[in-house]
Structures are given as structure tokens and as C-alpha cells.
Amino acid sequence: MTALGVSLLRGAVTSPFKRAGGPGATLPTGREVLPAAPTAPAPLAAYRTLCGFTDPETLPLTYPHVLGFPLAMRLMTRRSFPLPVLGLVHTWIEITAHRPPRPEDRLELTVYAAELTAHRRGTEVTVVTEARCAGETVWESRSGYLSRHAASGAPGGTAARSRGATVRAGAPAAGAGLPDLAEWRLPGDLGRRYGAVSGDRNPIHLHPLTARLFGFPRHIAHGMWTVARCLAEAETGAGAGPGTGTGTVPGTGTGSTSTESGARDRGRIRSVRAEFKAPVLLPATVTYAAAADAFLLRGGDRVHLTGTLVRER
């Protein structure tokens, strides 16, 4: 069994015994570290295909997060981690590439838990992932994960506070008049396919029956796939990439072949901030809308994702 498989099994066993929102909850102080290693080409190619990335010279902006996922799982399934890992919902993410990581870079990855805060729907933990190359921090992310439960006060005795003041500033309001640029049909097996390329096999993404155990009427798309797909579209530009216009998930339907030139013309994406507004129940048809540095993903009138990005100049 792989290390990630061991973490998933440990999470399944320990989750029922963890009580989210308990008084005096604290985070583990240690860090999970993966020694420097090159990026495996086959998993990277599968990820690029499923998400629609086309630039062969750099890693997709979201990919180090995928590489660090086994470390995050190891961290969140520790006995000292206060929240049950099963059913955790990704609520927001910030990613910054201090320089574009390349496939040949030997990245050292570090993951740690930075903050535990009360949320109106439960308890939220902030998890940080950092990627270093030859001792230089080249990429980092901060993510919020929500454990849903009846609110009963802030964890650790601290006052509840909103992460939105720093993470969500600048994200467009729902239906902020952004023009629709593409429509994508998401198949029912998207969660299982993304789980295969990312390692994130949280049961809320895999099957309607397992998702219902955590309060969802059907299984839901991974938030990180929705962010990645929007960034891939922003890189290639509407009308240039797979899945542009009315189409299926990249790798499952037809579409024009794109190149990296569009991304170079507009400047590579250096950072992104995104908030997951509502789950995407699978299967689904969603619309990508964007203008300037803002984007969103919606299904009908329901906004699933909002975000802003910064490009290199």
C-alpha cells in the first residue's frame, strides 16, 4: 500500500473518533517534508490533459499543490490533528509562484497547519504548502478546509473571525457582470478521474452514496479541478483551448489544439486567489466567465467559484 493509501486508511479509521469544534483544540506543530525530487512525467501529463493545461515549459500553477497532497493527508490524519479528515471541504485557496516551477526542477515540499478558526458552518483550518528548489522558495499556497458541524464557539478559545478580509478581497461578487466565455459539460466520473491523477479520493467526490454520508445529495467535483480548469482557460484564452465554447472536459471530447503562445502574449499567471462558493454536483454543465483579472464558474444562476489572478508583466 502506498503512503497516501496508508494515510487515507488512517483517516477513515480515526475520523469517527474526532470531535470537531471541541474546546481547547490545537494544531500539530510539526511539518511534513518531501525531499527534493524531479516531477514524474506521466502523472504530470495526465493532470495536464484532464485540466486543459498546454504549456510544456512550466508546471501548472496548481500542480505543486497536487504534489504536496500526500503530505497534507499525512498531516491531517495525525492523531494530534483536531478535525476528522473525512468530509473536509476545501473552501478557499491562495497560490503564488515566485518564479514558474519547471518540470525538471527538483522540488522540496513542506506542508504545515498554520491556523485554526471558527466558521459559521463549523471549524476551518489553514494549511500551507511550500515548494523550494535549491533552497529557494519558488512556490507557495495557503488553503482553507472546513469541517462542518454545529457552531459552538471558536476552537482553542479564540474569537471567530473571517478569513475573507485577506483571501477574498478582490474576488468578484457573485454574478458581477463578467462575460460568459465557455461552457463545459462535466461527466459523473470526473471526481473519480481527478482523484486518480491527484490522489484526492475523498468520498464526497467519488460516488453519490458516499457523498450522502456527508450531507451532499450527489458527489461533487473537486474544488482544485475547477480552479485548475479556469486557470488553464485563462492561460490559453477563450477560443484557443480544449473545452472552449460548448464542450466536454479536456481529454474526453473534441476541440482545437492550443499552444502556449497565448499565455506568453498576456503574461504567465503568477498568483491566484479563489473562493469556493458552492459545490458542483456531478454530472453538471457549468459556465466559465472572465474579464481582466477576475473569473468565476457558475451553473445556471448559482456561482460555484470566484477568483482573481495576477500575471507577470
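Side-chain N or O atoms of W225 include none that pairs as donor or acceptor with a backbone N or O of G195 at under 3.5 Å. H222 contributes no side-chain N or O that, together with a main-chain N or O of M224, makes up a donor-acceptor pair within less than 3.5 Å. Although no hydrogens or angles enter the test, the distance criterion places a donor-acceptor pair under 3.5 Å between the side chain of D200 and the main chain of N202. Judged by distance alone, with hydrogens and angles left aside, the side-chain atoms of R102 form no donor-acceptor pair with the main-chain N or O of E104 at under 3.5 Å. For R48 (side chain) and F53 (main-chain N/O), no donor-acceptor pair under 3.5 Å exists by modelled atom type.
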Margin query: side-chain contact (heavy atoms from CB on, under 4.5 Å), that's the test. Do L59 and Y47 meet it? Break it down for me.
Written below: CA-CA 10 Å; L59 294 181; Y47 180 85; over 6 Å; no
Margin query: Checking Y145 against L83 for the side-chain contact (heavy atoms from CB on, under 4.5 Å) test, could you report, in this order, the C-alpha distance in whole Å, the side-chain angles of both residues, the deciding distance, and whether it holds?
Written below: CA-CA 10 Å; Y145 294 94; L83 305 178; over 6 Å; no
Next item on the list: Evaluate salt bridge (charged side-chain N to carboxylate O under 4.0 Å, His left out) for D293 paired with R311, printing each intermediate quantity in order.
Entry: CA-CA 8 Å; D293 62 349; R311 296 183 185 272; over 6 Å; no
Note to self: Determine whether R142 and W92 satisfy the following criterion, side-chain contact (heavy atoms from CB on, under 4.5 Å), listing intermediate values before the conclusion.
What the structure shows: CA-CA 8 Å; R142 296 175 65 88; W92 57 267; 3.9 Å; yes
Checklist line | Derivation and outcome, salt bridge (charged side-chain N to carboxylate O under 4.0 Å, His left out), residues E32 and R78 | finding: CA-CA 11 Å; E32 298 290 343; R78 287 183 185 180; 2.9 Å; yes
Item checked: CA sep, side-chain torsions, deciding dist, call: V286, H304, side-chain contact (heavy atoms from CB on, under 4.5 Å) -> CA-CA 9 Å; V286 295; H304 299 293; 4.2 Å; yes
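Nearest heavy atom pair, residue G68 against residue L109, reads N-CD1, 3.8 Å. The minimum heavy-atom distance between F69 and S198, with the atom names listed, is CD2-O, 4.0 Å. Closest approach of P187 and R185 over heavy atoms only: CD-O, 3.6 Å. Here the closest heavy-atom approach between residue G30 and residue Y112 is recorded as O-CB, 4.2 Å. Across every non-hydrogen atom of E312 and P100, the tightest pair is OE2-CG, 3.5 Å. A pairwise comparison of heavy atoms in A211 and I204 identifies CB-O, 3.8 Å as the closest pair.
Residue I93 holds its CD1 atom at 7.5 Å from OG1 of T129, rounded to the nearest 0.5 Å. Here the straight-line distance linking atom OH of Y194 with atom CZ of R201 works out to 12.0 Å at 0.5 Å rounding. S143 contributes atom OG, which lies 11.5 Å from atom CG of L88 (distance to the nearest 0.5 angstrom). The line from OH of Y288 to CG of L296 is 9.0 Å long, rounded to the nearest 0.5 Å. With values rounded to the nearest 0.5 angstrom, L281 atom CG is found 6.5 Å from R302 atom CZ. Annotation: the span from L146 atom CG to R121 atom CZ amounts to 8.0 Å, rounded to 0.5 Å.
When hydrophobic clusters are built by joining Ile, Leu, Val, Met, Phe, Trp and Tyr residues whose side-chain heavy atoms come closer than 4.5 Å, directly or via intermediates, V197 is grouped together with L71. Criterion: ILVMFWY side-chain heavy atoms under 4.5 Å apart, direct or through other members. Under it, L231 and V310 are not part of a common hydrophobic cluster. L181 and V280 fall within the same hydrophobic cluster, where Ile, Leu, Val, Met, Phe, Trp and Tyr residues are linked whenever their side-chain heavy atoms come under 4.5 Å apart, directly or through other members. Hydrophobic cluster membership differs between V33 and V111, with clusters built from Ile, Leu, Val, Met, Phe, Trp and Tyr side chains linked at under 4.5 angstrom. The hydrophobic cluster containing M73 does not contain L206, counting ILVMFWY residues as joined when their side-chain heavy atoms lie under 4.5 angstrom apart, directly or transitively.
A 4.5 Å side-chain heavy-atom check between I95 and S271 finds every atom pair outside the cut-off. Within the 4.5 Å cutoff, the side chain of L61 has heavy atoms near those of the W139 side chain. The closest side-chain heavy-atom distance from T96 to S141 is not below 4.5 Å. A 4.5 Å side-chain heavy-atom check between R74 and P70 finds every atom pair outside the cut-off. The shortest side-chain heavy-atom distance between T123 and L116 falls under the 4.5 Å cut-off. When side chains are defined from C-beta on, L34 does not count as touching E108, because their heavy atoms never get closer than 4.5 Å. C51 places none of its side-chain heavy atoms less than 4.5 Å from the side chain of P60. Using a 4.5 Å heavy-atom cutoff, the side chains of K277 and T306 are in contact.
A cation-pi contact, defined as under 6.0 Å to the ring centre and within 45° of the axis, links R229 to W184.
Side-chain N/O atoms of H219 and T210 include no donor and acceptor closer than 3.5 Å. For the residue pair T39/Y63, the side-chain donor-acceptor check at 3.5 Å is not satisfied. Under 3.5 Å, the side chains of E275 and T91 contain no donor-acceptor pair of N or O atoms. Remark: the H98 side chain and the E140 side chain contain an N/O donor-acceptor pair separated by less than 3.5 Å.
Among residues two or more places apart in sequence or in another chain, the side-chain hydrogen bond (donor to acceptor under 3.5 Å, both in side chains) test is passed with T58 by D55.
A salt bridge is defined here as a Lys NZ or Arg NE, NH1 or NH2 lying under 4.0 Å from an Asp or Glu carboxylate O, and D105 with R99 meets this definition.
Ring planes of F276 and H90: tilted class, angle from 30 to 60°.
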